[in-house]
Amino acid sequence: MKGGSLSVVGTGIQVPGQMTLEAREHIAQADKVFYLVPDPFARQYIRELNDTSEDLFPLYKPGLARIITYRKMVSTILAEVRKGKCVCAAFYGHPGVFAYPSHESVRLARSEGYRAYKVPGISAEDCLIADLGMDPAVGCHSYETTGFLIQPVPIVTSCMLILWQVGIIGDLKFTPTLGESALGLEVLTQKLLGPYPTDHPVTVYEASFSFSHLVAT
């Protein structure tokens with residue numbers, strides 16, 4: 001086993017309240033930390049835990065395909081692992097949920113003979129279950145919305161259906177000022193109107209970064 005290592009941790013959605021002790025320890029003890037979190041308080045908290053911390057967000061460029069940015073993140077993380085450092089990469093929520101750089105960094109590091117693993121965190125779905133009083137044990141299907149529209153996935157109306165990233169349907173590039181995709185929402189609406197009645201309840205949910213919650217139904 002080579003000398004460098006990689007731990008990929010989840011910060012939870014609300015930092016520091018939802019950051020586990022295990023994730024906090026990995027960040028604090030690392031030789032080098034990279035992070036990708038959405039709010040300034042979380043960024044500040046991570047930098048206070050480890051002064052080597054570096055933000056991955058500047059790798060995003062307007063109009064650049066997100067997959068290219070993700071690959072740059074992987075390369076940036078792995079470059080430090082290859083130097084023999086104990087590297088920690090922190091992603092908001094759960095590091096295995098909607099986190100291509102997390103999965104690919106661990107996969108690539110392991111393929112090159114380095115120790116690499118993920119540390120779980122509280123995801124947006126965990127917050128949704130708590131805030132809306134849902135129980136996925138009754139049946140739940142969960143999809144990224146663009147994939148839901150282009151792949152022949154089943155729609156089981158007896159189960160809960162969770163669709164993610166409805167505001168960027170069909171958009172594969174980083175667009176900072178992107179609003180709702182009217183065309184994408186229309187396509188989604190037409191697909192859902194097949195199996196569901198027009199009066200079927202729909203909840204639009206966004207996990208809050210703070211302890212104040214806003215839910216629109």
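- Using a 4.5 Å cut-off on side-chain heavy atoms (C-beta onward), R47 and V33 make no contact.
- With a 4.5 Å cut-off on side-chain heavy atoms, S7 and V87 do not count as touching.
- Pairing each heavy atom of P101 with each of M73, the nearest pair is CG-SD, 3.8 Å.
- Residues I162 and V156 are members of separate hydrophobic clusters, defined by side-chain heavy-atom contacts under 4.5 angstrom among Ile, Leu, Val, Met, Phe, Trp and Tyr.
- No side-chain heavy atom of T52 sits under 4.5 Å from any side-chain heavy atom of D31.
- Closest heavy-atom contact between C127 and A207: CB-CB, 4.1 Å.
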Chi angles and distances behind the side chain to side chain contact (heavy atoms under 4.5 Å, CB included) call for R24, V119: CA-CA 10 Å; R24 188 178 293 114; V119 175; over 6 Å; no
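- By the 6.0 Å contact criterion, NZ on K72 is open, its count of non-hydrogen atoms from other residues, nucleotides or ligands being 12 or less.
- Take Y92 and apply the side chain to side chain donor-acceptor pair (under 3.5 Å) test, not counting sequence neighbours, and it matches no residue.
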Steps toward side chain to side chain contact (heavy atoms under 4.5 Å, CB included) verdict (I68, K61): CA-CA 10 Å; I68 296 176; K61 303 298 180 186; over 6 Å; no
Working for side chain to side chain contact (heavy atoms under 4.5 Å, CB included), residues Y60 and L36: CA-CA 11 Å; Y60 282 108; L36 188 63; 4.1 Å; yes
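- Checked by atom type and distance alone, the side chain of Q18 pairs as donor or acceptor with a backbone atom of Q14 at under 3.5 Å.
- In this pair, H141 and Y143 present their aromatic rings perpendicular. The plane angle is above 60°, beyond the 30 to 60° band.
- Distance check, rounded to the nearest 0.5 Å: CG of L64 to OG1 of T69 gives 4.0 Å.
- For D126, the side-chain contact (heavy atoms from CB on, under 4.5 Å) partners are I122, S123, not counting sequence neighbours.
- Side-chain contact check for W164 and S142: at least one donor-acceptor pair (N or O, by modelled atom type) lies under 3.5 Å.
- Of the possible donor and acceptor atoms, none in the side chain of R115 sits under 3.5 Å from a partner among the backbone N and O of S5.
- Heavy atoms only, all atoms of each residue included: V9 and A23 are closest at CB-CB, 3.9 Å.
- Annotation: cation-pi pair K32/F34 present, NZ/CZ under 6.0 Å from the ring centroid and within 45° of its normal.
- At least one donor-acceptor pair closer than 3.5 Å links the side chain of S53 to the backbone N or O of N50.
- Within the 4.5 Å cutoff, no side-chain heavy atoms of Q165 are placed close to those of T146.
- Between V15 and G12, the shortest heavy-atom contact is CG2-O, 4.2 Å.
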Side chain to side chain contact (heavy atoms under 4.5 Å, CB included) between K191 and F148, intermediate numbers included: CA-CA 10 Å; K191 180 166 184 174; F148 173 76; 3.9 Å; yes
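- Atoms CG and CG, on L6 and L78 in that order, are 7.0 Å from each other to the nearest 0.5 Å.
- Between atom CD of residue Q151 and atom CG of residue L149 there is a gap of 10.5 Å, rounded to the nearest 0.5 Å.
- Here the shortest heavy-atom pairing between P95 and A99 reads O-CB, 3.2 Å.
- The hydrophobic cluster containing I67 also contains L59, counting ILVMFWY residues as joined when their side-chain heavy atoms lie under 4.5 angstrom apart, directly or transitively.
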Residue pair K118, H94: steps toward the side-chain hydrogen bond (donor to acceptor under 3.5 Å, both in side chains) verdict: CA-CA 9 Å; K118 296 187 186 79; H94 190 296; over 6 Å; no
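- Side-chain contact check for I13 versus S208: every heavy-atom pair is 4.5 Å or farther apart.
- Between L193 and T198 there is a side-chain heavy-atom pair separated by less than 4.5 Å.
- A salt bridge links R82 to E112: at least one charged side-chain nitrogen sits closer than 4.0 Å to a carboxylate oxygen.
- Contact check for T11 versus F91: no side-chain heavy atoms found under the 4.5 Å cut-off.
- The line from CG of L185 to OG1 of T145 is 9.0 Å long, rounded to the nearest 0.5 Å.
- One finds the CZ atom of R71 at 14.0 Å from the OG1 atom of T76 (value rounded to the nearest 0.5 Å).
- Between Y35 and D55 there is a side-chain heavy-atom pair separated by less than 4.5 Å.
- Counting all heavy atoms, side chain and backbone alike, I155 lies closest to P195 at CG2-CG, 3.7 Å.
- Within the 3.5 Å criterion, the main-chain N or O of V138 finds no donor-acceptor partner in the side chain of D135.
- Annotation: ring-ring contact (aromatic ring centres under 6.0 Å, His included) contacts involving residues 4-31, sequence neighbours excluded, comprise H26-Y117.
- The structure places CD1 of I77 at 10.5 Å from CD of E104, a figure rounded to the nearest 0.5 Å.
- Tracing side-chain contacts under 4.5 Å through hydrophobic residues (I, L, V, M, F, W, Y), one reaches V8 starting from F57; they form part of the same cluster.
- Enclosure of atom CZ in F41 is not indicated, since only 12 or fewer non-hydrogen atoms of other residues, nucleotides or ligands lie within 6.0 angstrom.
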